[in-house]
Amino acid sequence: MPQPRLSSLQELVDALRALPGVGPKSAQRIAYHLLQRDRKGAVRLGEALVHASEQIRHCARCNTFTEVEVCETCLDPERDTSLLCVVETPADQNMLEQTMTFKGLYFVLMGHLSPLDGVGPGEIHFEQLIRRATDGVVKEVVLATNFTNEGEATAHYIGQTLKARGLRVSRLARGVPVGGELEYVDAGTIARAVLDRHTL
């Protein structure tokens, strides 16, 4: 027996639940807000989502989001092509760019290794990364995956593979945040800062 079709309102609520951190109540609240107070905004949001899903693709070189074959960053002649920074997401890439300290190029994994969730090397574009990193131009790969268990495992797996191919591999440093007071920093972060200390 076929399932009854969901109402338009329920379809909207279910669609909004695809957003990170949005549960059933929040999705319902957003749906009611859009329909009660901002119908024009709802239409604009829908059109923008459709347009973005049709136009945005992955950069052929770094795998980030772009509307063209090769993204603006990869085409920038001012970039140091011998440096390649590996990040998990385009959001991570944007954060690194905002620091204005990294002048090399990027590769965006679009995730991290997580065997329990069925995410293996194929799902994080591992082969594409290896081809990119071993193109004869890249001399150092900076691993900037997150400091979660999955991010660490991903960095270790990539690092071992690239080092075996003769590349220099580095990892973002960890430690006490700028402006942080030791009294309020967790013991694990302080321990890592001690181990990663440098000479003045």
Side-chain angles (χ1 to χ4, degrees), residues 1-76 85-102 105-120 122-125 128-129 144-155 172 174 177-181 184-186 188-189:
M1 185 173 166
Q3 292 289 325
R5 188 181 178 279
L6 293 175
S7 69
S8 298
L9 177 59
Q10 191 56 52
E11 281 189 2
L12 174 58
V13 170
D14 287 353
L16 288 168
R17 288 186 63 189
L19 297 170
V22 176
K25 290 283 186 190
S26 297
Q28 190 176 60
R29 201 174 309 117
I30 294 166
Y32 283 145
H33 170 80
L34 291 170
L35 295 172
Q36 284 178 288
R37 305 187 195 289
D38 195 6
R39 291 252 175 164
K40 284 184 181 175
V43 170
R44 192 161 62 91
L45 175 62
E47 289 173 348
L49 282 168
V50 170
H51 181 74
S53 65
E54 289 173 348
Q55 298 300 317
I56 294 175
R57 61 173 100 172
H58 294 283
C59 172
R61 297 194 71 210
C62 75
N63 203 41
T64 196
F65 291 136
T66 181
E67 290 190 34
V68 290
E69 181 73 15
V70 177
C71 74
E72 189 177 310
T73 303
C74 286
L75 293 174
D76 184 351
C85 182
V86 178
V87 295
E88 290 183 24
T89 67
D92 296 339
Q93 179 186 354
N94 286 340
M95 287 303 297
L96 274 166
E97 280 295 281
Q98 287 175 30
T99 69
M100 296 189 291
T101 55
F102 183 72
L105 295 171
Y106 294 92
F107 187 88
V108 183
L109 299 170
M110 293 293 171
H112 52 240
L113 292 174
S114 182
L116 291 176
D117 298 317
V119 181
E123 285 71 39
I124 62 167
H125 309 276
Q128 185 182 348
L129 166 61
T145 55
N146 294 316
F147 291 106
T148 59
N149 288 336
E150 294 86 359
E152 292 281 20
T154 303
L172 286 188
R174 292 170 287 185
V178 174
E181 297 180 33
Y184 304 108
V185 176
D186 67 277
T189 299

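The structure displayed is predicted, hence computed values, not measured ones.
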(message) Ignoring hydrogens, what is the shortest heavy-atom contact between Phe147 and Leu172? Give both atom names and the distance.
(response) CZ-O, 3.3 Å
(message) Using 0.5 Å steps for rounding, measure from the CG atom of Leu113 to the CD atom of Glu123.
(response) 9.0 Å
(message) For the CZ atom on Arg174, are there more than 12 heavy atoms of other groups (residues, nucleotides or ligands in this structure) within a distance under 6.0 Å?
(response) yes
Tell me which donor-acceptor pairs under 3.5 Å the side chains of residues 54-71 have, and how far apart each pair is, sequence neighbours excluded?
| residue | atom | partner | partner atom | Å |
| --- | --- | --- | --- | --- |
| Arg57 | NH1 | Glu69 | OE1 | 3.3 |
| His58 | ND1 | Asn63 | O | 3.0 |
| Asn63 | ND2 | Val108 | O | 2.8 |
| Thr64 | OG1 | Gln93 | OE1 | 3.0 |
| Thr66 | OG1 | Val68 | N | 3.2 |

(request) Of all the heavy-atom pairs spanning Ile124 and Gly111, show the shortest one and how long it is. (result) CG2-C, 3.8 Å
Table please: side-chain donor-acceptor pairs of residues 10-37 below 3.5 Å, with sequence neighbours left out.
| residue | atom | partner | partner atom | Å |
| --- | --- | --- | --- | --- |
| Gln10 | NE2 | Asp14 | OD1 | 2.9 |

(message) Using only atom types and a distance under 3.5 Å, with no angle test, would you say the side chain of Asp186 pairs donor to acceptor with the backbone of Gly188?
(response) yes
(request) Kindly check if the number of other-residue, nucleotide or ligand heavy atoms within 6.0 Å of CG (Asn94) is above 12? (result) yes
(message) If you compare all heavy atoms of Ser114 against all heavy atoms of Asp117, which two are closest, and at what distance to 0.1 Å?
(response) OG-OD2, 2.7 Å
(message) Distance check, rounded to the nearest 0.5 Å: Gln128 atom CD versus Phe107 atom CZ?
(response) 4.0 Å
(request) Please name all residues satisfying side-chain contact (heavy atoms from CB on, under 4.5 Å) with Glu88, sequence neighbours left out, ordered by chain then number. (result) Asp92, His112, Thr145, Asn146
